[in-house]
Amino acid sequence: MKSAIDRIVQTYGLLTNREAAAAAQARVENYIRTLVAGGETDVDRLTVCGLVYLREQDGSNVSVKAGYTGM
């Protein structure tokens with residue numbers, strides 16, 4: 001679990017900035033704990049889920065905001 005959280009924070013820092021990644025660490029730790037308690041053990045899957053969670057939280061995965069118009 002620790003390695004997944006480290007990877008998430010490091011990658012999220014590359015996508016945003018280090019300050020935002022550090023601020024998001026507590027949120028993502030709680031989320032990853034929930035996934036692990038639910039039975040997920042794959043580190044790669046936990047990492048992807050954590051990144052998706054953070055992107056949903058900050059609104060950066062909204063397709064229109066990202067420039068996708070569907071055409």
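Take Glu40 and apply the side chain to side chain donor-acceptor pair (under 3.5 Å) test, not counting sequence neighbours, and it matches Arg45. Asp42 pairs by the side chain to side chain donor-acceptor pair (under 3.5 Å) definition with nothing, not counting sequence neighbours. The salt bridge (charged side-chain N to carboxylate O under 4.0 Å, His left out) search around Arg18 returns none, not counting sequence neighbours.
In this structure, the side chains of Ile32 and Thr47 stay at 4.5 Å or more apart for every pair of heavy atoms. Side-chain contact between Tyr12 and Gln25 is absent, with no heavy-atom pair separated by less than 4.5 Å. Contact of the Thr41 side chain with the Val36 side chain is not registered, since no non-hydrogen atoms from C-beta on lie closer than 4.5 Å.
Sorted by first and then second residue, the salt bridge (Lys or Arg N to Asp or Glu O under 4.0 Å) pairs involving residues 3-14 (not counting sequence neighbours) are Lys2-Asp6, Arg7-Asp44. Listed by first then second residue, pairs satisfying ring pair (Phe, Tyr, Trp, His ring centres under 6.0 Å) with a partner in residues 19-53 read Tyr31-Tyr53, not counting sequence neighbours.
Side-chain heavy-atom separations under 4.5 angstrom define the hydrophobic clusters, and Val43 shares its cluster with no other residue.
In this structure, CG on Leu15 lies 11.0 Å from CD on Gln10, to the nearest 0.5 angstrom. Rounded to the nearest 0.5 Å, atoms CG (Leu14) and CG (Leu51) are 10.0 Å apart. If you take CG on Leu46 and CE on Met1, they are separated by 9.0 Å, rounding to the nearest 0.5 Å.
Taking hydrophobic clusters as Ile, Leu, Val, Met, Phe, Trp and Tyr residues chained together by side-chain heavy-atom distances below 4.5 Å, Ile5 does not share a cluster with Val48.
Ala20 and Asn17 get closest at one heavy-atom pair: N-OD1, 2.7 Å.
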